[in-house]
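A short write-up of the structure that comes next.
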Amino acid sequence: MLLIACTFVVDRDGALLLQLRDDKAPYFPNVWGLPGGAIEAEETPEQGAARELWEEARLRVDDRLRLFAQQELPEQARVKNYFYGATSARQEDVVLGEGAAMVFVPAAEVLDRPFTPGTAEMIERFLSSREYASLT
């Protein structure tokens, strides 16, 4: 099983940071996802989420990352760990390190796009959660 760490990053307006994967992505090119990637052997899932967020967007959350959910995707031999955190960063603070785009998207517009497997259902769950409400 490949362990993945993804991050729901929420800005002051409640927008969610999304990544458009480029056409060079080895899995699921040209669709949207969350900042994240494979957890390295020496990392905890939280450390992997923080590292991937830094590598892909040059962002950190203001406090610490908290685990929202874990999702098993046996058909892809993956387990996704979803973390969340608030940021005071704005779009102009994002430095694209990977993918075709990395943008803060208003919550009402997030689900209007194609996503990597399992991501849309987790985003919908997150946006209706008390965890998301606590950040907005």
Side-chain angles (χ1 to χ4, degrees):
M1 272 298 171
L2 183 61
L3 296 177
I4 305 290
C6 303
T7 306
F8 295 111
V9 180
V10 180
D11 76 3
R12 286 181 259 179
D13 298 324
L16 192 62
L17 186 67
L18 297 179
Q19 178 193 49
L20 176 58
R21 298 167 63 81
D22 63 23
D23 59 357
K24 297 169 191 65
Y27 303 101
F28 313 108
N30 303 310
V31 298
W32 291 87
L34 298 166
I39 299 167
E40 295 179 0
E42 71 281 358
E43 292 178 316
T44 66
E46 182 180 347
Q47 290 168 335
R51 177 187 49 76
E52 288 285 345
L53 180 59
W54 180 254
E55 289 176 359
E56 294 178 359
R58 286 295 184 252
L59 293 181
R60 299 197 193 286
V61 297
D62 293 342
D63 192 7
R64 67 177 188 88
L65 291 171
R66 291 175 167 77
L67 183 64
F68 174 69
Q70 191 176 67
Q71 179 185 45
E72 293 188 23
L73 298 168
E75 64 280 2
Q76 292 153 14
R78 294 169 185 250
V79 175
K80 291 171 116 179
N81 296 273
Y82 291 87
F83 291 87
Y84 69 98
T87 186
S88 54
R90 294 293 194 195
Q91 185 62 51
E92 57 269 15
D93 300 315
V94 176
V95 176
L96 181 63
E98 185 177 310
M102 187 77 70
V103 294
F104 282 103
V105 178
E109 300 171 19
V110 166
L111 292 171
D112 298 339
R113 58 201 75 230
F115 283 101
T116 56
T119 302
E121 68 188 61
M122 291 305 292
I123 290 173
E124 189 170 17
R125 186 173 148 196
F126 178 70
L127 291 176
S128 64
S129 72
R130 61 181 162 79
E131 290 88 348
Y132 173 72
S134 73
L135 300 178
T136 58

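Heavy atoms only: backbone and side chains are in, while hydrogens, waters and symmetry mates are out.
Ser88 and Arg12 make their closest contact through O-NH2, 2.7 Å (heavy atoms, listed as atom of the first residue, atom of the second, distance). Between Thr7 and Ala49, the closest heavy-atom pair is OG1-CB, 3.5 Å. Nearest heavy-atom pair, Ala38 versus Leu2, reported as atom, atom and distance to 0.1 Å: CB-CD1, 4.1 Å. Between Gly48 and Ala5, the closest heavy-atom pair is C-CB, 4.0 Å. Residues Ala107 and Gly14 come closest through the heavy atom pair CB-O, 4.0 Å. Here the closest non-hydrogen pair linking Met102 and Ala57 is CG-CB, 3.9 Å.
At least one side-chain heavy atom of Leu17 sits under 4.5 Å from a side-chain heavy atom of Val94. A heavy-atom distance below 4.5 Å is found between the side chains of Leu18 and Leu34. Considering only heavy atoms from C-beta on, Phe83 stays 4.5 Å or farther from Glu52 through its side chain. For the pair Pro29/Lys24, no side-chain contact is recorded, criterion being any heavy-atom separation below 4.5 Å from C-beta on. Looking at heavy atoms from C-beta onward, Tyr82 lies out of side-chain contact with Phe126 at the 4.5 angstrom threshold. Phe8 is not listed as a side-chain neighbour of Tyr132, based on a closest heavy-atom distance of 4.5 Å or more. With a 4.5 Å cut-off on side-chain heavy atoms, Leu111 and Glu124 count as touching. A 4.5 Å side-chain heavy-atom check between Val10 and Leu16 finds at least one atom pair inside the cut-off.
For the atom pair OG1 of Thr87 and CG of Asp63, the computed distance is 11.5 Å after rounding to the nearest 0.5 Å. Between the CD1 atom in Ile123 and the OG atom in Ser129 there is a gap of 12.0 Å [rounded to 0.5 Å]. We find the CD-CD distance between Glu42 and Gln47 to be 8.5 Å, quoted to the nearest 0.5 Å. Atom CZ of Phe115 sits about 11.5 Å away from atom CD of Gln19, to the nearest 0.5 Å. Residue Tyr84 holds its OH atom at 4.5 Å from CD of Glu131, rounded to the nearest 0.5 Å. Rounded to the nearest 0.5 angstrom, Lys80 NZ and Leu3 CG are separated by 13.0 Å.
Follow the hydrophobic side-chain contacts under 4.5 Å out from Met122 and you never reach Val31; the two are in separate clusters. Connection of Phe68 to Val79 is not established within any shared hydrophobic cluster, with ILVMFWY side chains joined at heavy-atom distances below 4.5 Å, either directly or through further cluster members. The same ILVMFWY cluster, assembled from side-chain heavy atoms under 4.5 Å apart, contains both Leu65 and Leu67. A chain of hydrophobic side-chain contacts below 4.5 Å, direct or via other Ile, Leu, Val, Met, Phe, Trp or Tyr residues, connects Ile39 to Met1.
A distance-only check finds no donor-acceptor pair linking the side chain of Arg21 to the backbone of Gly33 [under 3.5 Å].
Residue pairs meeting the side-chain hydrogen bond (donor to acceptor under 3.5 Å, both in side chains) criterion with at least one member in residues 94-117, sequence neighbours excluded: Thr116-Thr119.
Every residue two or more places apart in sequence or in another chain was checked for a salt bridge (charged side-chain N to carboxylate O under 4.0 Å, His left out) with Arg125, and none qualifies. Every residue meeting the side-chain hydrogen bond (donor to acceptor under 3.5 Å, both in side chains) condition with Glu43, not counting sequence neighbours, appears here in chain and number order: Arg51. Residues forming a side-chain hydrogen bond (donor to acceptor under 3.5 Å, both in side chains) with Glu121 (at least two apart in sequence, or on another chain): Gln71. Residues that satisfy the salt bridge (charged side-chain N to carboxylate O under 4.0 Å, His left out) test with Asp13, not counting sequence neighbours, are Arg90. In terms of the side-chain hydrogen bond (donor to acceptor under 3.5 Å, both in side chains) criterion, residue partners of Asn81 (sequence neighbours excluded) are, by chain and number, Gln70.
Under a cut-off of 6.0 angstrom, the local environment of CD in Glu55 is crowded, with over 12 non-hydrogen atoms contributed by other residues, nucleotides or ligands. Counting non-hydrogen atoms of neighbouring residues, nucleotides and ligands closer than 6.0 angstrom, the CD atom of Glu40 exceeds 12 such neighbours.
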| task | Check the pair Gln91 / Val103 against side chain to side chain contact (heavy atoms under 4.5 Å, CB included), numbers first and verdict last. | result | CA-CA 7 Å; Gln91 185 62 51; Val103 294; 3.8 Å; yes
| request: Could you give me the CA-CA distance, side-chain angles and deciding distance for Leu20 and Trp32, then say whether side chain to side chain contact (heavy atoms under 4.5 Å, CB included) is met? | output: CA-CA 4 Å; Leu20 176 58; Trp32 291 87; 3.7 Å; yes
